[in-house]
Engineer: 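One structure is given below, represented as structure tokens, and several questions about it will come after.
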Amino acid sequence: MLTAHVWIAVAVLVVAAAAALWGIFTWWRRREPGTALSQVLALVQTLLVAQVAVGLLLVSDGRRVADDLHYVYGTLALGAVLVPWFYAPQDPRRRLAWFSVTSLLAGALAVRAYTTSG
């Protein structure tokens, strides 16, 4: 289970960075987000939910990390990708900016969670 947690963590870092850069580039070029970009942004959210779920399974199994900040950063990363669902405007370009920036923030928080894992 720990190996799955590590592999999902790497996937979160890679996909979040790719989605954020792709989304910001699309926004900067004043283009509409396509289906592929929307799916990659959704993949970031799905991977973070899976990461937290596996982490909770590890905690319930009695495994703990030395630094409690790991749990804080993981929770904040999940919260960051969920925020646009509640607050992003309806305009597609502005909505893209919200999802892209929060994916970038979630990726940065995931990096911190990864570095505090021990």
Side-chain angles (χ1 to χ4, degrees):
M1 182 88 57
L2 185 59
T3 304
H5 194 60
V6 171
W7 279 103
I8 296 171
V10 172
V12 165
L13 299 177
V14 171
V15 175
L21 292 175
W22 186 4
I24 291 168
F25 181 74
T26 302
W27 176 83
W28 181 69
R29 299 276 297 172
R30 301 186 190 274
R31 300 234 166 99
E32 294 293 321
T35 305
L37 177 55
S38 299
Q39 296 298 320
V40 171
L41 288 167
L43 180 60
V44 174
Q45 298 165 0
T46 304
L47 286 170
L48 272 167
V49 168
Q51 181 69 342
V52 170
V54 171
L56 288 172
L57 287 173
L58 287 168
V59 168
S60 71
D61 194 32
R63 298 204 177 207
R64 301 277 191 266
V65 293
D67 193 349
D68 288 340
L69 280 176
H70 179 76
Y71 306 116
V72 174
Y73 288 125
T75 303
L76 289 174
L78 179 62
V81 295
L82 297 178
V83 164
W85 288 105
F86 300 107
Y87 299 110
Q90 292 301 316
D91 175 50
R93 286 200 62 249
R94 290 181 63 205
R95 193 168 183 81
L96 171 65
W98 270 75
F99 276 93
S100 299
V101 170
T102 57
S103 291
L104 182 64
L105 175 62
L109 289 166
V111 167
R112 282 300 292 150
Y114 191 81
T115 60
T116 59
S117 65

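Only a predicted model underlies this, so the values are computations on that prediction, with no experimental measurement involved.
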Engineer: What residues form a side-chain hydrogen bond (donor to acceptor under 3.5 Å, both in side chains) with Trp85, not counting sequence neighbours?
Structural biologist: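 Testing Trp85 for side-chain hydrogen bond (donor to acceptor under 3.5 Å, both in side chains), a comparison that skips the adjacent residues, returns Gln45.
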Engineer: Following the transitive rule for hydrophobic clusters with a side-chain heavy-atom cut-off under 4.5 Å over Ile, Leu, Val, Met, Phe, Trp and Tyr, establish whether Val54 and Val59 coincide in one cluster.
Structural biologist: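 In one cluster with Val54: Val59, no.
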Engineer: Any idea which heavy atoms bring His70 and Ala113 closest together, and the distance?
Structural biologist: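 Smallest heavy-atom distance, with atoms named: ND1-O, 2.6 Å.
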Engineer: Please tell me if the side chains of Leu105 and Leu109 come closer than 4.5 Å, counting only heavy atoms from C-beta onward.
Structural biologist: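 Leu105 reaches Leu109 side chain to side chain.
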Engineer: For Thr115, give me all partners under side-chain hydrogen bond (donor to acceptor under 3.5 Å, both in side chains), at least two apart in sequence or on another chain.
Structural biologist: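 For Thr115, the residues satisfying side-chain hydrogen bond (donor to acceptor under 3.5 Å, both in side chains) (neighbours in sequence not counted) are Arg112.
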Engineer: Is Val40 linked to Phe99 within one hydrophobic cluster, defined over Ile, Leu, Val, Met, Phe, Trp and Tyr using a side-chain heavy-atom separation of less than 4.5 Å?
Structural biologist: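 Looking at the clustering, Phe99 is in the same group as Val40.
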Engineer: Determine whether Leu56 and Leu47 fall in the same hydrophobic cluster, where Ile, Leu, Val, Met, Phe, Trp and Tyr are linked whenever their side-chain heavy atoms lie under 4.5 Å apart.
Structural biologist: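 Yes: a chain of side-chain contacts under 4.5 Å links Leu56 to Leu47.
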Engineer: For Arg95 and Ala88, which heavy atoms make the closest approach, and how far apart are they?
Structural biologist: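 In this case the closest contact between Arg95 and Ala88 is NH1-O, 3.3 Å.
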Engineer: Among the clusters formed by ILVMFWY side chains lying less than 4.5 Å apart, do Leu48 and Tyr114 turn up in the same one?
Structural biologist: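 They do not share one cluster, since no chain of ILVMFWY contacts under 4.5 Å joins Leu48 to Tyr114.
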Engineer: At what distance, to the nearest 0.5 angstrom, does CH2 of Trp98 lie from CG of Leu41?
Structural biologist: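 Answer for the CH2-CG pair, Trp98 versus Leu41, is 14.5 Å.
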Engineer: Would a 4.5 Å heavy-atom cut-off, applied to side chains only, mark Leu96 and Leu37 as touching?
Structural biologist: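 With C-beta onward as the side chain, the pair touches.
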Engineer: Report the residues that fulfil side-chain hydrogen bond (donor to acceptor under 3.5 Å, both in side chains) with His5, sequence neighbours left out, ordered by chain and then residue number.
Structural biologist: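 side-chain hydrogen bond (donor to acceptor under 3.5 Å, both in side chains) list for His5, sorted by chain: Gln51.
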Engineer: Suppose we screen for side chain to side chain contact (heavy atoms under 4.5 Å, CB included). Which residues come up paired with Val49, at least two apart in sequence or across chains?
Structural biologist: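 Side chain to side chain contact (heavy atoms under 4.5 Å, CB included) list for Val49, sorted by chain: Leu78.
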Engineer: Compare every heavy atom of Val81 with every heavy atom of Ala106, then report the nearest pair and how far apart it is.
Structural biologist: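 Here Ala106 and Val81 meet closest at CB-CG1, 3.4 Å.
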Engineer: If you draw a 6.0 Å radius around CZ in Arg93, do more than 12 non-hydrogen atoms from other residues or ligands fall strictly inside?
Structural biologist: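 More than 12 heavy atoms, drawn from other residues, nucleotides or ligands, come within 6.0 Å of this atom.
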Engineer: Tell me, please, which residues at least two apart from Asp61 pass side chain to side chain contact (heavy atoms under 4.5 Å, CB included).
Structural biologist: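 Once residues adjacent in sequence are excluded, the partners of Asp61 under the side chain to side chain contact (heavy atoms under 4.5 Å, CB included) criterion are Arg63.
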Engineer: Where is the tightest heavy-atom contact between Pro92 and Pro33, given as atom of each residue plus distance?
Structural biologist: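 Result for this residue pair: O-CG, 4.2 Å.
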Engineer: Taking Ser100 for its side chain and Ala97 for its backbone only, find out whether a donor-acceptor pair lies under 3.5 Å.
Structural biologist: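 No.
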Engineer: Does atom OH of Tyr71 have more than 12 heavy-atom neighbours from other groups under 6.0 Å away?
Structural biologist: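 Atom OH in Tyr71 is crowded, with more than 12 foreign heavy atoms closer than 6.0 Å.
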Engineer: With clusters defined by side-chain heavy atoms of hydrophobic residues (ILVMFWY) lying less than 4.5 Å apart, directly or transitively, does Val52 cluster with Met1?
Structural biologist: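 Met1 and Val52: one cluster.
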Engineer: Output a table of donor-acceptor pairs, distance under 3.5 Å, between side-chain atoms of residues 13-32 and any protein atom two or more places apart or on a different chain; print 'none' if there are none.
Structural biologist:
{"residue": "Thr26", "atom": "OG1", "partner": "Trp22", "partner atom": "O", "Å": "2.8"}

